[in-house]
Protein chains: 2
Amino acid sequence: MAATLHDVARVAGVSIKTVSNVINDYPHVRPETKERVLAAIAELGYRPNLSARNLRSGRTGMISLIIPNLRNPYFAELADDVMNAASARGLSVLIEQVGGDRESELSVLRGSRRQAVDGILYSVLALGQEDAAVLDEIPLPMVLLGERIFNSSRDHVTMRNEDGLRAATEHLLAIGCRRIIALGSHPGEVIGSAGLRLDGYLQALDAAGVPVDERLIVHADRWHRVDGAAAMRSILAAGTEFDGIVAFNDSLALGAMRIMQEAGLRIPQDVAVIGFDDLDETRYSVPTLSTIEPGRPQIAETAVDMLLARIEERASAESSPAEPREVLTDFRLVQRESTTRAAGAPGSSGL
Amino acid sequence: MAATLHDVARVAGVSIKTVSNVINDYPHVRPETKERVLAAIAELGYRPNLSARNLRSGRTGMISLIIPNLRNPYFAELADDVMNAASARGLSVLIEQVGGDRESELSVLRGSRRQAVDGILYSVLALGQEDAAVLDEIPLPMVLLGERIFNSSRDHVTMRNEDGLRAATEHLLAIGCRRIIALGSHPGEVIGSAGLRLDGYLQALDAAGVPVDERLIVHADRWHRVDGAAAMRSILAAGTEFDGIVAFNDSLALGAMRIMQEAGLRIPQDVAVIGFDDLDETRYSVPTLSTIEPGRPQIAETAVDMLLARIEERASAESSPAEPREVLTDFRLVQRESTTRAAGAPGSSGL
DNA sequence: CTGAAAGCGCTAACAT
DNA sequence: ATGTTAGCGCTTTCAG
C-alpha cells in the first residue's frame, strides 16, 4: 500500500497538519521541521492521493477538451496548443472525442466524466444556435470555441473568419486572379465558419468590383481532404473556368490541389490557391500552401485563461458571475508557394 | 451545490445504501424501490461524485497515455485508436505529452498525475534499455509500446519492424529496383525502430543477392517530414544514384518525395517509394504512398486489454503477478501509386 | 431487502 | 509553529 500523510507524519515525528503544510508550501513551518518532513517523504516515496485531495478541495486540476477527432490535424494541433497552455497553468487536459452528431455531443457534454473535471473547453461542431440554452444547463464552467454558437451565456473564443477570408480573397485578387473559387460553402448557413467565411469572400469581391459568379461558390459539406478532392473533380468535370481558389480550410485546399495536379494544372501559374488554418502540413505540401494563420495558440491560451477565471470565480462563491466575454483572435496571412507567381508574370488564365 | 447520495435518499425515502445499490446495479433491490430511487435521481439531476468514488474504491477509471507529441500524425492516430479501445472498455484516457528528452520522460513517468490514473500506456521514445530498471520502480500497472525497451518486467506491445521493412524492401526489389535507399537509419542503434528496420532492409537485400552499398543507407536522427526533406537534399547533392527508397516511416517518405519532385524526379517511374505506418495522409499525397500498415488499432486494443488485466490483477491482490507478456502485431503491405509502375514498363533508371 | 455506521486520505478551521 | 479534529461523498461490512 502507498504511504499516506499519517505514515509521513509518524516517520517525521510531527502531525499530519505539519506535513500538509509542507506539501502545500504554507509559510510558518520551521526550516528544520520542514527538512525532517521532506526527508520522511523521500524515504517513504510518498505522493499525495489526488482523489482524496480532490474530494476535499472540490477541484481536480483537470479540464476536458471536447473535440471531434484527433485525426483531424486541425484539432490535433489545437489539442497540443491547449495542453501546453494548460500545463503552464498547472492543469491537466482530458481529451474527449465526440462523434460529430448532435446526440453524441450532447451526451458527452452531460456525460459521466463531468464530475471529474473542473471545467470544459468545448469546440462546438454539431450543436447550433438553437442549442444555446442546453449549454446553460451544464453545471460546470465552460468556454466555447468555434463559430457555431453566439450569444450564449458562456465565454466564447473565436477567430476572425470574415476578415481572414476577406484578406485571403484580396490576396488572390492582388496577384491577378479574377475567377476565384470559394471552396467549402454550406448553402443556407449564416453563422458557422462556412457562412462567415463565404461572407468574407463576397465582401472582397464586392470591394474590388468583381462580379460574383454562383458557379464559383462550391459546396462541401465536410472539410476533409477527400472532400476537397471530390469537389475539385466535379468542378473540372463541369468545365468551369477559374484561376484561383480560396479554400475554407487547408485540408480542402490540399485535396483540391492533388486533383488539379493530376489534371495537369500548375499551381500557382495556372491556379493560385490559399487555405485557412495554417496546419503544420502546409509548410511541406507540394507546392507549399499559402494560408490564414488564425491565431490558434492565442485561442488556446485565451480559452484556458478564461476557463480558469470561471473556475476560480465559482470557487470563491462570489456574488453574481461576470458577464460572458467574447474574444476574437488576431489572424495573419502567410504567403507560400501556392500564391507566389514570378514577378512580372501574371496568371496565365488571361482573364 | 450538486446533489449527493443523501439528498437522493431523502427524496426517495430510503437509505443511502439503497441508493448506492441502485446506482451500482446490485441485485436484491425491489423493483418499486428502484423505481422510486431512479425518479429521485432524475428529479435532482444527481451524478455520483467521482472523486469520492475514486477515493473509496481506489480506482479512477482513467489511464494515461504517454506520447511525445500529438502534432506528429502517427501519435495522433495512435491516441485516437487508444481512446476508442479505452472507451469501449469504460475507461477515459489522459494524454500526457513528453518533451522527447530523457529527463522529461522520467519526470512524467514519476510525475504528479500518477495518482490520478489506474495505469499507464507508455510509448517509449527517449528512454532506452539501460532504463528498464527505472520502469520497475513505478508503482503502477504499465504497458510499454514501441521498440526501445525489451525484457523489462512490463508487458510490451510492439510491431514487426524487421519483417515489415523486409517486406517493403522485397516489394521494391520485385518491381525492379536495385539501388534502394534505406532512409532513416540511426548509426550504431541495434534495438529501437531504426536498428530493427535497417535489419529488415539488409535481410531483404541479402536474400535477393543485391550487394549493400553504404552510401544508400541514409541517416536521419528524427523522423519528421522536414528530416526526410533535408536528407533527400544531401542525397541529391552527393549525386548518389538510386531508383527506390524504403523510408523508415511515412513522414520521412513524404518529405523526401517533395524534394525529389522539386528536382524533377518522377515517382514511381524514376524512383519508387515506400514508407511505414500507414498514416491517413498516405492516401492523399501526390502520389499516394505505398506503406506498411503496422497494425495500430490492434496495438491499441491489445495494449488496453493488457493494462486492464494488470489493473484487475492488482485489485484482486492475488498471489504473484503473471509473467510479463510480449505481443507482436500483424502488419500488411499496402501498395499505392508510389510503387505502382505501369505493367511492362520497368524503372527508367536502367540499372 | 434495507439501514446504520465506519472510514478511504486529505484540507482547513480551530485550538494550543 | 504545530496539533486536533471534522468532514468531503462514496462504498461496504455488518445488522437487522
Side-chain angles (χ1 to χ4, degrees), chain A residues 1-38 40-41 44-61 112-118 139 314-317, chain B residues 1-38 40-41 44-61 112-118 139 314-317:
Chain A
M1 206 50 213
T4 77
L5 263 192
H6 286 95
D7 299 328
V8 176
R10 188 159 17 78
V11 170
V14 297
S15 83
I16 61 167
K17 178 58 182 16
T18 304
V19 180
S20 175
N21 282 344
V22 170
I23 291 168
N24 297 293
D25 257 341
Y26 283 153
H28 311 314
V29 180
R30 213 184 315 160
E32 62 189 73
T33 315
K34 185 166 177 174
E35 204 81 346
R36 217 148 22 101
V37 171
L38 257 20
I41 289 177
L44 296 173
Y46 168 76
R47 319 237 79 202
N49 178 314
L50 294 185
S51 294
R53 179 177 283 177
N54 297 345
L55 174 58
R56 185 60 237 232
S57 65
R59 290 198 32 185
T60 65
S112 59
R113 276 287 142 194
R114 230 179 58 187
Q115 297 282 343
V117 298
D118 295 334
R314 210 166 87 123
S316 66
Chain B
M1 208 47 216
T4 76
L5 263 192
H6 286 95
D7 299 328
V8 177
R10 190 161 14 80
V11 170
V14 297
S15 83
I16 60 168
K17 177 59 186 7
T18 305
V19 181
S20 175
N21 283 344
V22 170
I23 291 170
N24 297 294
D25 255 341
Y26 283 155
H28 311 314
V29 181
R30 215 184 313 160
E32 62 190 71
T33 315
K34 185 165 178 176
E35 204 81 345
R36 219 149 21 101
V37 171
L38 257 19
I41 288 178
L44 296 172
Y46 169 77
R47 316 238 81 202
N49 178 311
L50 294 186
S51 295
R53 179 176 282 179
N54 297 345
L55 174 57
R56 189 56 237 235
S57 66
R59 290 197 35 184
T60 65
S112 57
R113 275 289 141 193
R114 230 179 58 185
Q115 296 282 342
V117 297
D118 296 333
R314 212 166 87 123
S316 64

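Residue numbers begin at 1 in each chain, while the letters A, B, ... track the order of the sequences.
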(request) Take the protein atom CG of A/L5 and the nucleotide atom C1' of D/dA6, then report the distance between them rounded to whole Å. (result) 15 Å
(request) Would you tell me if any nitrogen or oxygen in the side chain of A/T18 comes within less than 4.0 Å of OP1 or OP2 on D/dT2? (result) no
(request) Measure from CG on B/N49 to P on D/dC8 and round the result to the nearest Å. (result) 11 Å
When the side chains of residues 7-16 of chain A are checked against the rest of the protein, which donor-acceptor pairs come out under 3.5 Å, sequence neighbours left out?
| residue | atom | partner | partner atom | Å |
| --- | --- | --- | --- | --- |
| A/D7 | OD1 | A/R10 | NH2 | 2.7 |
| A/D7 | OD2 | A/T4 | N | 2.9 |
| A/S15 | OG | A/K17 | N | 3.3 |

(message) Does anything in residues 31-38 of chain A come within less than 4.0 Å of DNA chain D? Heavy atoms only, and list the residues if so.
(response) A/T33
(message) Whole angstroms only, please: what is the CG-C1' distance between A/L50 and D/dC8?
(response) 15 Å
(message) Nearest whole Å is fine: how far is D/dT5 P from A/H6 NE2?
(response) 11 Å
(request) Select base, sugar-phosphate, or nothing to describe what A/S57 touches, counting heavy atoms under 4.0 Å on all strands. (result) nothing
(message) Does a side-chain N or O of B/N54 approach OP1 or OP2 of D/dC10 to a distance below 4.0 Å, or not?
(response) no
(request) For A/N21 and for B/A52, locate the closest nucleotide of DNA chain D by heavy-atom distance; then report the residue assigned to the nucleotide nearer the 5' terminus. (result) A/N21
(message) Please tell me if A/R30 has a side-chain N or O lying less than 4.0 Å from either OP1 or OP2 of D/dA1.
(response) no
(request) Could you check B/V14 against B/L55 and say which one's nearest nucleotide on DNA chain C is further toward the 5' end? (result) B/V14
